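Taking it in order: structure first as structure tokens, then the write-up.
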Amino acid sequence: MPSSDVPSSDVPCALDAFIAAQSFERPTVVLEIARLRAQYHRLKAGLGRAEIHYAVKANPEPRLIAALVGEGSGFDAASRGEIALCLAQGADPARISFGNTVKRASDIAYAHAVGVRLFAADSAAELDKIAAHAPRAEVYIRLLVGSCEADWPLSRKFGCDGAMALELLDYARALGLEPVGLSFHVGSQTRRAEMWAAPLAELAKTWKAAQAAGHGLSLLNIGGGFPAFYGEAIEAPCAYAGAVMAQIDSLFDAPTRVMAEPGRGLVAEAGVIVCEVLLVSQKSAQDSLRWVYLDIGRFSGLAETEGEAIRYPFETAKDGQAMGPCVLAGPSCDSADVLYEKRPVMLPLALAVGDRVLIRNTGAYTTTYSSVGFNGFPPLDVQVI
Ligand SMILES: Cc1ncc(COP(=O)(O)O)c(C=O)c1O
């Protein structure tokens, strides 16, 4: 493995020294900008000619956005708020795409007014909105891909089938828009590059049919899906991205522009959550299974534990000691606030009230999933180094 392609989770970092030297009054995610920059370069090296448009939804921390502007990244925005955030950090509106297929008309008008030119759609009604509020804009059509092996699938809700995509390209042109390409999302946390093969083949079929129907498509938007390390082996970022690009090169006749929208794969490993144990208990004298309650839970940043889909790596100062299984739960008075029960988590038997717990690689999809005031708990705090 080239030294530039070591997973950032394996690189000694300033995060640990910073965390060790601090006390934290409430659950906090600490983000390290140097890690983010290093990961950007690893992905960029693998993606080659593809442009990176960071998916802001993964973590909209302004200092992180500013760092990515400095690296030359573009942005995938889901709303007016995310566009305004990127602009405030110095992003070029020509490098922002409005990638949500369900947009408020007034948000489209705002995006158009500030210079955003590229919009996503997966329906005729969305194209009507774009034509009315961003005349002559460039649009790409999002495809629904059937095959998905991701840990956090994004299938069903977004995209349309190939036949409808062809109709929408025609319809966009009839509305005076510029239909430039197609997009899809392979599903978030797609752990191996080979898992892209079937969805890319589906996409290529529609791409070729569109070209045969006279659409000179120039933009292939491959979305996100690049994985983070959560304890299960994943390919290193540069090799993974390179393998995805190799598949694209073998399936498509050199699209002029390839765009990738990594979210999780770019920011997850730049962050560590610091939290603490509130309680360790058992449900009866006969039941030896421990319940460990943390001061962070499903409603305060760990929403992706839903269905136990994303399994975060936990770390404590007692990890060298005897370990045992436990059910891990959050602090709120809601029985849905259980993080891992079907597959219990191994934690030290000596773990006690007040012990610090680190949750590694939690820079993505945590801060913004944190509820405001549920049960009176404050949202996840953020510190940036
Ligand atoms: C349109 C779009 N692009 C990119 C992403 C980022 O995906 P990931 O975090 O898997 O890289 C998402 C995630 O929901 C998305 O909706």
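Just so it is clear, the values below take in all heavy atoms, side chains as well, and ignore hydrogens, waters and symmetry mates. Counting starts at 1 for both ligands and their atoms, following the listed order. Just so it is clear, the structure is predicted and the values come from calculations on it, not from any experiment.
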Practice task
Flag this pair as yes if the NZ/CZ of R311 is under 6.0 angstrom from the six-membered ring centre of Y340 and inside a 45 degree cone about the axis; otherwise no.
Solution key: yes

Exercise for the section: Answer side chain, backbone, both or neither: which part of M259 comes under 4.0 Å from ligand 1, heavy atoms only. Expected result: neither

Fill in the blank from the handout: In ligand 1, the atoms that come under 4.0 Å of a heavy atom of R264 are 8 (P), 9 (O), 11 (O)

Handout entry: Side-chain H-bond candidate by donor/acceptor type, R142 with H185, under 3.5 Å
Key = no

Problem - Check: G187 N/O within less than 3.5 Å of ligand 1 N/O - result: no

Exercise for the section: Answer yes or no for R142: is there a heavy-atom contact with ligand 1 below 4.0 Å? Expected result: yes

Exercise for the section: Fit a plane to each ring of W196 and F226, take the angle between them on a 0 to 90° scale, and name the class: parallel (under 30°), tilted (30 to 60°) or perpendicular (over 60°). Expected result: tilted

Exercise for the section: Please verify whether a non-hydrogen atom of A58 lies at under 4.0 Å from ligand 1. Expected result: no

Exercise for the section: Could you go through the salt bridge (Lys or Arg N to Asp or Glu O under 4.0 Å) check for R191 and E232 one step at a time? Expected result: CA-CA 9 Å; R191 271 178 282 107; E232 238 182 294; 3.4 Å; yes

Problem - Side-chain donor-acceptor pair present, D337, S332, cut-off under 3.5 Å - result: yes

Practice task
Can you figure out which of Y365, W152, Y54 has its heavy atom closest to atom 6 (C) of ligand 1?
Solution key: Y365

Practice task
Verify the neighbour count for atom NZ of K205: are there more than 12 heavy atoms of other residues, nucleotides or ligands below 6.0 Å?
Solution key: no

Problem - Proximal atoms of ligand 1 relative to S188 (non-hydrogen, under 4.0 Å) - result: 8 (P), 9 (O), 10 (O)

Handout entry: M164 atom CE, neighbour heavy-atom count above 12 within 6.0 Å
Key = no

Exercise for the section: State the atoms of ligand 1, each with its element, that fall below the 4.0 Å cut-off from a heavy-atom position in H185. Expected result: 2 (C), 3 (N), 4 (C), 5 (C), 6 (C), 7 (O), 8 (P), 10 (O), 12 (C), 13 (C), 15 (C)

Handout entry: Where ligand 1 meets E261 - atom numbers and elements under 4.0 angstrom, heavy-atom basis
Key = 1 (C), 2 (C), 3 (N), 4 (C), 5 (C), 6 (C), 11 (O)

Handout entry: D170 and H215: side chain donor to acceptor below 3.5 Å
Key = yes

Practice task
Answer with side chain, backbone, both or neither: which part of F158 has a heavy atom less than 4.0 angstrom from an atom of ligand 1?
Solution key: neither

Exercise for the section: Determine, considering heavy atoms only, which of H53, K57, K157 sits nearest to atom 12 (C) of ligand 1. Expected result: K57

Practice task
Would you please classify the geometry between the F98 ring and the F119 ring as parallel, tilted or perpendicular, with 30° and 60° separating the classes?
Solution key: tilted

Fill in the blank from the handout: The atoms of ligand 1 lying under 4.0 Å from a heavy atom of D76, numbered in the order shown, are 1 (C), 2 (C), 3 (N), 4 (C)

Handout entry: Numbered atoms of ligand 1 (with element) below 4.0 Å of P262, judged on heavy atoms
Key = 11 (O)

Problem - Under-4.0 Å heavy-atom contact with ligand 1, by part of A55 that carries it - result: side chain

Handout entry: Donor-acceptor pair between S218 and R257 side chains, under 3.5 angstrom
Key = no

Fill in the blank from the handout: among protein heavy atoms, the one nearest atom 11 (O) of ligand 1 is G263 N, 2.8 Å

Handout entry: N/O separation below 3.5 Å, Q189 to ligand 1
Key = no

